[in-house]
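See below for the structure under consideration.
Throughout, a chain's letter reflects where its sequence line sits, starting with A, and its residues are numbered from 1.
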Protein chains: 2
Amino acid sequence: MEKSLKRMATMHKMQVTGLELFYRKGYYNTSVDEILKELSLSKGAFYYHFKSKEDFFISILQQLVVRKIYSMLIEPIEGHDNPLDLISSCLDESLQMAEHNENDYGFVLSNFITEFNGKNPEIMKYLNDTLKIWEVNLVSALQRGKFNGFVDRHVDCEGAASYIISSYIGIRTMMVEGSATALRYRYMQQVKFFFRAMANKQTA
Amino acid sequence: MEKSLKRMATMHKMQVTGLELFYRKGYYNTSVDEILKELSLSKGAFYYHFKSKEDFFISILQQLVVRKIYSMLIEPIEGHDNPLDLISSCLDESLQMAEHNENDYGFVLSNFITEFNGKNPEIMKYLNDTLKIWEVNLVSALQRGKFNGFVDRHVDCEGAASYIISSYIGIRTMMVEGSATALRYRYMQQVKFFFRAMANKQTA
DNA sequence: GATAAAACCGACTAATGGGTTTGGTAAATT
DNA sequence: AATTTACCAAACCCATTAGTCGGTTTTATC
């Protein structure tokens, strides 16, 4: 195999396994040794590719977490259909994925925000920036919806966007306890109720 | 001082400081030594009063966390006024407290749920039970509101309650990043908008 | 003021953490 | 053929961890 490709492949494997364990057990409660044991790799290999555990984690955020957010929560709401419908089904699909995931431990972003808050400003910045990206995309989707006559012109798009995010963070946290199906169903009912109240009543 | 009183006093001091540090830095990232250093107490004192770190934490949940939830989120919504108003001002006051708290690290319950999920079923049970207590009290407040003609009879009280909780968990998580004031303001606007849509339209 | 129980001290243990270093190897690149 | 890349294995460093235990001080009681 070509060198740079091999390098990439190894680094990628480490990142995937690293994210898996960091997500499941938290960053501080996952040792580098543990990740390497899972992969049958040596410490030498790890520190050959990454400066430190922190450097490793930041690379995971950049390579995997941001992309995941994009594909799950941002790309699905692009387009010129009714943004309220787009957002609603996007949320539902994300929750369904979590629901059917045997190993669900909550919303990856908010979990890490909770863990790193007050401890690591650099990582916090990455996490908050990623959340912000989702937020601005929600806002512009809603504004587009106003322009296209789907969303009532009195709606505060920024407020609605952060309200949507907050409720999503919360429901994902609550879903880890078990009764995910019931929670998702009721949550989606409320979201739809909320969205109906935001819809433009002129053009049905 | 009477013996049992001294015991209580020491245990209580330990619990208060323990909660403070566990809340700020997480359970697994706070050592027993650290708590004791803060209090100028010895390890002997700690293990004289508590079986283990876990036992200590559970006592904190029972003694402090549950009471805090009651006084902040449950008692203020008891009564026969319009529950939507009660809940709304209760949420606002909680958020204001967080906003003006220099050392805010999010909603204590959801932080611990995130940290203990998949690690300690016993503690998770305590945490989920506490959240459940809040939930059932919200539900009954809303049902009372229906009965008293404040809340529209089509409203799904269980759904609304968990939606309120999820949005609160989320906004508290988001508020840790800094722009708490703006977030709180916009959040409360959305809550009020949501509650207006739930209000009984017959009796203004 | 003696006695015993309660409250507390702090050195110690065994294990674990992140991170470094060293010395070597096999394969790909030049 | 020489060199660089991508690892492995294992020892090592230093700090930190939950928990233990024998001993000491404080307090209540007789």
Side-chain angles (χ1 to χ4, degrees), chain A residues 1-61 63 112 115-116 118-123, chain B residues 1-61 63 112 115-116 119-120 122-123:
Chain A
M1 196 192 289
E2 200 196 324
K3 290 262 174 91
S4 62
L5 278 183
K6 189 166 169 56
R7 178 184 178 82
M8 288 302 209
T10 306
M11 287 175 80
H12 189 255
K13 267 197 305 188
M14 287 179 176
Q15 288 163 338
V16 169
T17 305
L19 177 56
E20 208 179 297
L21 290 178
F22 288 147
Y23 170 58
R24 186 161 82 221
K25 321 197 341 150
Y27 173 81
Y28 293 107
N29 286 299
T30 304
S31 67
V32 174
D33 284 325
E34 226 170 320
I35 299 165
L36 294 169
K37 196 177 168 188
E38 189 94 359
L39 290 162
S40 301
L41 284 173
S42 70
K43 247 184 177 170
F46 182 85
Y47 284 98
Y48 176 74
H49 291 295
F50 302 100
K51 274 213 325 281
S52 64
K53 189 188 179 187
E54 183 178 330
D55 179 72
F56 174 58
F57 184 74
I58 290 175
S59 83
I60 289 177
L61 290 184
Q63 295 298 315
F112 286 139
E115 184 170 12
F116 285 105
K119 286 183 201 149
N120 191 316
E122 192 188 347
I123 290 181
Chain B
M1 196 190 289
E2 200 194 323
K3 277 194 186 163
S4 63
L5 279 182
K6 186 165 169 63
R7 179 185 176 82
M8 288 304 201
T10 306
M11 287 176 81
H12 189 255
K13 267 198 306 189
M14 286 178 175
Q15 287 163 337
V16 169
T17 304
L19 177 56
E20 209 178 297
L21 291 179
F22 288 147
Y23 170 58
R24 186 160 84 221
K25 321 197 340 151
Y27 173 82
Y28 292 106
N29 286 298
T30 304
S31 66
V32 174
D33 282 325
E34 224 170 323
I35 299 165
L36 294 168
K37 196 179 169 188
E38 190 95 357
L39 289 161
S40 301
L41 283 173
S42 69
K43 267 235 163 103
F46 182 85
Y47 283 96
Y48 175 73
H49 292 294
F50 302 100
K51 275 213 325 281
S52 64
K53 189 187 178 186
E54 181 178 331
D55 179 71
F56 175 57
F57 185 73
I58 290 175
S59 83
I60 289 177
L61 291 184
Q63 295 298 315
F112 286 139
E115 184 170 13
F116 285 104
K119 285 182 200 151
N120 192 316
E122 192 188 348
I123 291 182

Selection: residues 14-34 of chain A, any non-hydrogen atom under 4.0 Å of DNA chain C: A:T30, A:S31, A:V32
Pair A:Y47 and A:F56, ring centroids less than 6.0 Å apart: no
Minimum side-chain heavy-atom gap B:E115-B:F22 below 4.5 Å: no
Interatomic distance, A:F50 CZ vs C:dG18 P [rounded to whole Å]: 15 Å
Quiz item: cation-pi between B:K25 and A:Y28, 6.0 Å / 45°: no
Any B:R7 side-chain N or O less than 4.0 Å from OP1/OP2 of C:dA7: yes
Validation row: B:T10, B:M14 side chains within 4.5 angstrom (heavy atoms): yes
Give me, pair by pair, the N or O atoms of the protein and of nucleotides 8-10 of chain D that are less than 3.5 Å apart, along with how far apart they are.
from: D:dC8; atom 1: OP2; to: A:S42; atom 2: N; distance (Å): 3.0
from: D:dC8; atom 1: OP2; to: A:S42; atom 2: OG; distance (Å): 3.1

Closest contact, heavy atoms only, A:F50 versus A:S59: CE2-OG, 3.5 Å
Separation of D:dC7 C1' from A:M11 CE (nearest whole Å): 14 Å
Min side-chain heavy-atom separation A:E122-A:F116 under 4.5 Å: no
Between P of D:dA18 and NZ of B:K51, the distance in whole Å: 17 Å
Backbone of A:V32 reached by a side-chain donor or acceptor of A:K43 within 3.5 Å: no
Atom pair NZ/CG of A:K119 and B:N29 - distance to nearest 0.5 Å: 4.5 Å
Phosphate OP1/OP2 of C:dC8: any B:Y48 side-chain N/O under 4.0 Å: no
Between the first and last five pairs of the helix from C:dG1-D:dC30 to C:dT16-D:dA15, the angle of the axes, rounded to 10 degrees: 20°
Integer-rounded Å distance: C:dA7 C1' and B:L36 CG: 14 Å
side-chain N/O B:T10 vs C:dC8 OP1/OP2, d < 4.0 Å: yes
Interatomic distance where NZ belongs to B:K37 and P belongs to C:dC9 [whole Å]: 16 Å
Side-chain N or O of A:H49 closer than 4.0 Å to phosphate OP1/OP2 of D:dA6: no
Any B:Y47 side-chain nitrogen or oxygen under 4.0 Å from OP1 or OP2 of D:dT20: no
Closest approach of B:E34 to B:T30 (non-hydrogen atoms, all atoms of both residues): OE1-CA, 4.0 Å
B:Q15 to B:I60 - nearest heavy-atom pair and separation: O-CD1, 3.6 Å
Minimum side-chain heavy-atom gap B:R24-B:L21 below 4.5 Å: yes
